[in-house]
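Down below is the structure, laid out as structure tokens.
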Amino acid sequence: MHLKEELNKQQLKAVEFAGKHLLVLAGAGTGKTRTIIARAAYLIENGANPSKIQILTFTKKAANEIVERVKASLPQSNGRSLSGATFHSWCNQLIIKYPNLFGAASYTVIDPDDQLGLMKMVSGSHSDVYSKLRIKPQQLLDVYSYARNTKKNLTESIRILIYKGKEDKDTEYEITAMKPNVEILLRAYQKKKMEQRYLDYDDLLLVVSTQLKTNPEARKLLSQDLDYLLVDEMQDTNPLQWELLSPFIDICNLFCVGDDAQSIYSFRGADFKNVHQFKERVPNSEVFKLEKNYRSTQEILDISNWLLEKSPIDYKKELQSVRGDGEVPLLLNVSDEWQEANWVADEILKNYTDEDRRFSDHLILSRSQYYTKTLQAVFIRRKIPYVTYGGRKFLQAAHIKDLVSLLRIVNNPYDEIAWVRFLTFWEGIGEVRASRIMAVIIADEGKTDIPTLLQGAIPGKDGIKIAELYNAVQKEKGKVGKMVDIAYDAMSLGLAFRYRKDWIEKRKGDFPVLKLLANSYSSLGEFIGEGLLDNAEKMNGAPVLSESQLETDEEKDHVIISTIHSAKGLEADVCIVLNVSPKSFPSAWSLDDVDAIEEDRRVLYVALTRAKNRLIITRNTASIAAIHKKSIPSNNGQQSDDAETYFLTAIPDGLVRQETIGHDFKTVKDAPEPNKIDLSSGMDFS
DNA sequence: TGAGCTCTAGGCTAT
DNA sequence: CTAGAGCTCA
């Protein structure tokens, strides 16, 4: 096996592990992904049934990549039935596969937008309760989700999410006062979810884990399905995910990989106890370590190690480069986002023409999706091809949801959100009329077929048209691509009109992509559920499905712009980390919360360790100057300790070389010359 | 009742 | 920049 020669001793020991359960603690760049791939290949080569191996990762992209690479390393067709999924999509698949066991097969998976819509409806219908609270519907959902993911009670979840974990008397009093009202609203939300056969993201995990915990029949069925469970990014699993995994300790062999220094999802309830307490929690288990870094040059690891050393948490980790020395990282001070973006574009074009690097050798990382919009504007203008990872999901775009609403009501006639969306799509039907039509359909409880009801409830030609459309789509149930086609034929005119402002430029092109996506699913339920969980990759602003669907090498050569959270597992020759400024690292949201600050430190650590050869860190000159002034103590005595907490304060000499670009517009290519206007004209002061 | 307009406030990270 | 509130007109 050719993979074997590429493994070091530690990796090989993990890959060939013959015991029951294993946790591999693998620092950044130590070959974590390679090890999990080799493990899967090893198991298959040694007689394991690939259909009984399940790989679990955090993003669909990571899952696909691992599966593809395992298959590529095996003789043809050997690993065809190997599957990889996210926790969520795996649960969704199980729910569809065993409709009787989980009893939720024709349920509709709803995304955060739908959840918010539902919570708003609940808040509206309980306005007496809601008006007493100073909490927004989104916060109610956050509390609800946090409580379910962390298994903490409502009081604790409110304290942590709404009151930043405070424990003083006033806080206590307020929580006690509001809790009953929050409870009423959350219960009402739950009830509505059940009535309309909805599963939110957390429900997917809960439905499966509850069955596994309480029903021996479920454990028996799944033990026939599974021999090996391979879990990536173990440090980012939360208590709910642990609860889902733990029944499998008796059912199959666990092989988990993770790195506590890269735990960056605590806002979602991730708990690295799942890593630290692995040995105590899992009988018959062992823990191995991978320590040699193959990715980066020593200079890149020096600054990464330095960042981690500064933490009050002892990660017991110091990465050593196998590759040796290289370039000293560059710390670039810029005066604004446009200058930063233009400098980045210059750097990339220079590397492309002078240094024989490809666009795809560049990875640009940012804390938030939002921050990269300036950069994207500059890349488009300067014709630098790029893809973005992270951000809004493809199926969450308004025009896509319009079309999918029809598929959703075919899948689940109780889906009120989809009914309202579908009905109000048509001219002359607004929310009020849509609610009435929907009430008729739901009250009928499936006695009459839906096209007949629609025709009766909507007068004239429109009623016939809508009923026929519903009918036509329903007939193709099972062929998801065909359903999308029929829906698009009937709705494209309306869509073009509704989104006329940017239809041609932005939206129209999404529908062929939607069809491709739909074709890759074998059932409507999977498409609606999993499609939602699919991260859309965007190429110069337009969605693409995956790398493999691109034809030429030229199309595959593009810069990657990603949020740090979406960049886990990625690496690149040149890595540019944007805006590592005060108030950003750590983020202004994290101040006065030690855990949050430390999480931000790990976020930066993940970003820095993506670089193979060249690391460039940018930051804003003005915000650096601001923290050094420190001369404006605020009125309430809250001394700003930004300078203390800012991660790059007191960075030792030699760890980076600094460069500062001033307000010199000559370095900003294509900067428009400001027009001179006369604001004093048109006014007679006499 | 529906549709289209303007104005304002608030914006992280993710399945 | 975007969602949503509030307004006007048909």
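Side chains included, hydrogens not; waters and symmetry mates left out as well; all remaining heavy atoms used. Reminder, nothing fancy here: chain letters follow the sequence lines and each chain counts from 1.
A cation-pi arrangement is found for A:R367 relative to A:F585, the charged atom lying closer than 6.0 Å to the ring centre and inside a 45° cone about the ring normal. For the pair A:K193 and A:Y189, the cation does not sit on the ring face, since its NZ or CZ is not both under 6.0 Å from the ring centre and inside 45° of the axis.
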Pairs under 3.5 angstrom, nitrogen or oxygen only, protein versus nucleotides 4-10 of chain C, please.
from  : atom 1 : to     : atom 2 : distance (Å)
C:dG4 : OP1    : A:K120 : NZ     : 2.5

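The distance from atom CD of A:E233 to atom C1' of B:dT15 is 14 Å, rounded to the nearest whole Å. Atom CG of A:D142 and atom P of B:dA14 are 14 Å apart (whole Å). Residue A:L375 contributes atom CG, which lies 15 Å from atom P of C:dC1 at whole-angstrom precision. If you measure from atom CG of A:L199 to atom C1' of B:dT15, you get 14 Å, rounded to the nearest angstrom. In this entry the distance linking NZ of A:K583 with C1' of B:dC12 reads 16 Å, nearest Å. Atom CG of A:L205 is separated from atom P of B:dT15 by 13 Å (rounded to the nearest Å). Atom CG in A:L604 sits roughly 17 Å away from atom P in B:dT13 (whole-Å rounding). If you take CG of A:D202 and C1' of B:dA14, they are 11 Å apart, rounded to a whole angstrom.
Side-chain contact check for A:N412 and A:T108: at least one donor-acceptor pair (N or O, by modelled atom type) lies under 3.5 Å. Side-chain atoms of A:E243 and A:Q241 form no donor-acceptor pair, as typed in the model, at a separation below 3.5 Å. Defined by atom type and a distance below 3.5 Å, a donor-acceptor pair is present between the side-chain atoms of A:S89 and A:T86. For the residue pair A:S263 / A:E599, no side-chain donor-acceptor distance below 3.5 Å is found, with atom types taken as modelled.
Between A:S368 and B:dG11, a side-chain N or O to OP1/OP2 separation shorter than 4.0 Å is absent. For B:dA14, neither phosphate oxygen OP1 nor OP2 lies less than 4.0 angstrom from any side-chain nitrogen or oxygen of A:T59.
Surrounding CD of A:Q190 are more than 12 heavy atoms belonging to other residues, nucleotides or ligands, all under 6.0 Å away.
Each of B:dA14, B:dT13, B:dG11 was ranked by its minimum atom distance to the side chain of A:Q369; first place goes to B:dT13.
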(message) Protein within reach of the bases, or only the backbone? For nucleotides 2-9 of chain B, mark each nucleotide 5' to 3' as B, S or -, using heavy atoms under 4.0 Å.
(response) SSS-----
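Aromatic ring centres of A:Y146 and A:Y144 lie farther apart than the 6.0 Å criterion allows.
Nearer the 5' end of DNA chain B, as judged by each residue's closest nucleotide, is the contact made by A:K136, out of A:K136 and A:F87.
The existence of a salt bridge linking A:R602 and A:D260 is excluded, since no basic side-chain nitrogen approaches an acidic carboxylate oxygen closer than 4.0 Å.
Within the 4.0 angstrom heavy-atom criterion, only backbone atoms of the sugar-phosphate kind lie near A:R436; the bases stay farther away. In this structure, A:Y265 reaches the sugar-phosphate backbone alone: every heavy-atom distance under 4.0 Å involves primed, P, OP1 or OP2 atoms, never a base.
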